[in-house]
A.B. asks: 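Below is the structure I would like to discuss, written out as structure tokens.
Indexing begins at 1, ligand by ligand and atom by atom, following the structure's order. Computed from a prediction, not measured in an experiment: that's the story for all the values here. Position 1 is the first residue of the sequence; numbering continues from there.
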Amino acid sequence: MTLAKVLARARAGMDLEREEIITLLETADPEERSQIYETAEALTLYYLGPEVHLRGLVEFSNYCTRNCNYCGLRADNHRLNRYRMTSEEIVAVAEQIELMGLKTIVLQSGEDYWYTLEMMTRIIQEIKQKTNLAITLSLGEREFTELKAWKEVGADRYLLKHETVNPDIFAEIKPDSSYEHRLGILDQLSQLGYQVGSGGMIALPGQSLTDLADDLLFIRTNKIGMAGFGPFIPHGDTPYRGYPSGSGELSLLMLAVARIVLRQVHLPATTALETLLQDGRRRALEVGANVIMPNFTPLEYRKLYEIYPNKAQTSLDEVREVILSLGRIVGTDSGDVLI
Ligand code: SAM
Ligand code: SF4
């Protein structure tokens, strides 16, 4: 099928087939890529309007029990200085995030069991008592009893990327995780009533465009409401130090195709894309992104949350300026998922 036909079917609201998604991802001609970008932008405005939702990110611990081969926080990286924020520090940042006008806090960390069920419960309760923020958790593969308890005290969303839907690549990149277990947790989260976010990395060793198409089908089939796709960026203190970085241009194309395939799913302009691509945040907003996660991690800790090197930093003012300069507006509600 020609590109024009695929894009016409997408504009008519049809579910694209696997082969059609691969056709989009294989598009190399700049003129044809522009047609994909224009369609993605039109569909963003049609399904979601001009609102861009801001989520305040707090990376509260860089301790991790796991050894993912791609990530600088892996347990065996002994060159990294580790930190943990106290409950008081986390709640204080939450109050600051609300003061700055944001509606959602994202609490992210390595997989760090020092934060017990009870401790996270108290943190969530306190944030809920002191603010009106929606709470997104991104704490890795925690136990069902924990996920249930945190939902009951007010956690709204959970972000757990499937990373790649190719089981062989998953086994290579996350040697101490189980593919079935991680996907099973995504099911548990939906059953518990969380708004669920997932997603993956682009240009992992051995990954093909077909794998990326399957990643998008995974999100669509499982009715996942948020999906973050960003390029893999190698970190010098990991076993993957010698692999090439993902391409910024392919990551931008993947974002546009994600919008075309997934319609009203929330798609962030990822920090990894901003890190690799000049003006990446603006370009992401132009081709399908409707979420940005400004970083509120206190500066002394931020540089230690080094999942990959040279992470892009953008201030809240810059983010607001980019949104407005594109004729978009900053979302004024909590930006719940729409599916
Ligand atoms: N520990 C939790 C987990 O793994 O789900 C949450 C924190 S983890 C740092 C958040 C995300 O960072 C991962 O889901 C992964 O996609 C991304 N990430 C880690 N290392 C990366 C790298 N080298 N390049 C690009 N993304 C990376
Ligand atoms: Fe730990 Fe998450 Fe990094 Fe894996 S990706 S090493 S679980 S922080």
A.B. asks: Whether Glu89 and Arg84 form a salt bridge (side-chain N of Lys/Arg under 4.0 Å from carboxylate O of Asp/Glu) is what I want to check.
C.D. replies: no
A.B. asks: Determine whether any protein heavy atom is located less than 4.0 Å from atom 6 (C) of ligand 1.
C.D. replies: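 Yes, there is one.
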A.B. asks: Can you sort out which atoms of ligand 1 are near Pro231, meaning under 4.0 Å from one of its heavy atoms?
C.D. replies: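 So the atoms of ligand 1 that pass are 24 (N), 25 (C).
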A.B. asks: Hey, is Tyr240 one of the residues with a heavy atom under 4.0 angstrom from ligand 1?
C.D. replies: no
A.B. asks: Heavy-atom distances under 4.0 Å decide this one: backbone, side chain, both or neither, for Arg182 against ligand 1?
C.D. replies: side chain
A.B. asks: Hey, is Arg182 close enough to Glu141 for a salt bridge, meaning N to O under 4.0 Å?
C.D. replies: yes
A.B. asks: For atom 5 (S) of ligand 2, what's the nearest protein heavy atom and its distance?
C.D. replies: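 Ranking protein heavy atoms by distance from atom 5 (S) of ligand 2, first comes Tyr70 OH, 3.5 Å.
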A.B. asks: Does His235 have a non-hydrogen atom less than 4.0 Å from ligand 1?
C.D. replies: no
A.B. asks: Can you tell which part of Gln108 has a heavy atom less than 4.0 Å from ligand 1: side chain, backbone, both or neither?
C.D. replies: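 Only the side chain of Gln108 comes within reach of ligand 1.
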A.B. asks: Above 12 or not: heavy atoms from other molecules or residues under 6.0 Å from CD of Glu300?
C.D. replies: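 Counting neighbours around CD of Glu300, more than 12 heavy atoms of other residues, nucleotides or ligands fall under 6.0 Å, so yes.
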A.B. asks: Tell me which protein heavy atom sits closest to atom 8 (S) of ligand 2, plus the residue, atom name and distance to 0.1 Å.
C.D. replies: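 Checked against all protein heavy atoms, atom 8 (S) of ligand 2 sits closest to Gly110 CA, 3.6 Å.
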A.B. asks: For residues Pro234 and Arg241, report the shortest heavy-atom separation together with the two atoms involved.
C.D. replies: CB-O, 3.9 Å
A.B. asks: Specify whether an N/O/S atom of Cys64 falls short of 2.8 Å from atom 1 (Fe) of ligand 2.
C.D. replies: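 So Cys64 does bind atom 1 (Fe) of ligand 2 by this criterion.
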A.B. asks: Give a yes or no on whether Gln125 atom CD has more than 12 heavy-atom contacts from other residues, nucleotides or ligands under 6.0 Å away.
C.D. replies: yes
A.B. asks: Answer yes or no for atom 2 (Fe) of ligand 2: protein heavy atom present at a distance under 4.0 Å?
C.D. replies: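 So atom 2 (Fe) of ligand 2 lacks protein heavy-atom neighbours under 4.0 Å.
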A.B. asks: Nearest heavy atom to atom 12 (O) of ligand 1: which of Leu159, Ile307, Thr270 does it belong to?
C.D. replies: Ile307
A.B. asks: Hydrophobic clusters here meaning ILVMFWY residues chained together by side-chain heavy-atom distances under 4.5 Å, can you tell me if Ile185 and Met226 are in one?
C.D. replies: no
A.B. asks: For the rings on Tyr179 and Phe170, is their centre-to-centre separation under 6.0 Å?
C.D. replies: yes
A.B. asks: Regarding Cys68, does it place an N, O or S atom less than 2.8 Å from atom 4 (Fe) of ligand 2?
C.D. replies: yes
A.B. asks: Under 4.0 Å between a Lys/Arg side-chain N and an Asp/Glu carboxylate O for Glu126 and Lys130?
C.D. replies: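 Yes, Glu126 and Lys130 are salt-bridged.
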A.B. asks: Of the choices Glu111, Glu306, Met201, which has the non-hydrogen atom that lies closest to atom 26 (N) of ligand 1?
C.D. replies: Met201
A.B. asks: Looking only at distances, can you tell me whether any N or O atom of Tyr70, backbone or side chain, sits closer than 3.5 Å to an N or O atom of ligand 1?
C.D. replies: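 Checking ligand 1 against Tyr70, an N or O pair does fall under 3.5 Å apart.
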A.B. asks: Does atom CD of Glu318 have more than 12 heavy-atom neighbours, drawn from other residues, nucleotides or ligands, at distances under 6.0 Å?
C.D. replies: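 Yes, CD of Glu318 has more than 12 neighbouring heavy atoms, counting only those of other groups under 6.0 Å.
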A.B. asks: Closer than 4.0 Å to some heavy atom of Tyr305 - which atoms of ligand 1 meet that?
C.D. replies: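 In order of number, 7 (C), 9 (C).
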A.B. asks: Using 4.0 Å as the upper bound for N to carboxylate O, is an ion pair formed by Asp336 and Arg157?
C.D. replies: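 The answer is yes: the pair qualifies as a salt bridge.
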A.B. asks: Using a 4.0 Å cut-off to any heavy atom of Lys161, which atoms of ligand 1 qualify?
C.D. replies: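 Listed by number with element: 14 (O), 16 (O).
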A.B. asks: Give the single entry among Ile233, Asn69, Leu137 that approaches atom 24 (N) of ligand 1 most closely by any heavy atom.
C.D. replies: Ile233
A.B. asks: Does Glu98 come within less than 4.0 Å of Lys103, counting only side-chain N to carboxylate O?
C.D. replies: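 Not counted as a salt bridge, because no side-chain N and carboxylate O are separated by less than 4.0 Å.
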A.B. asks: One pair to check against side-chain hydrogen bond (donor to acceptor under 3.5 Å, both in side chains): Asn290 and His266. What are the steps and the verdict?
C.D. replies: CA-CA 6 Å; Asn290 73 318; His266 287 301; 2.9 Å; yes
A.B. asks: State the atoms of ligand 2, each with its element, that fall below the 4.0 Å cut-off from a heavy-atom position in Arg74.
C.D. replies: 6 (S)
A.B. asks: With heavy atoms only and a cut-off of under 4.0 Å, state how Glu163 meets ligand 1: side chain, backbone, both or neither.
C.D. replies: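 Glu163 to ligand 1: side-chain contact only, backbone stays beyond 4.0 Å.
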A.B. asks: Out of Ser138, Gly140, Ser109, indicate the one that has the non-hydrogen atom closest to atom 1 (N) of ligand 1.
C.D. replies: Ser109
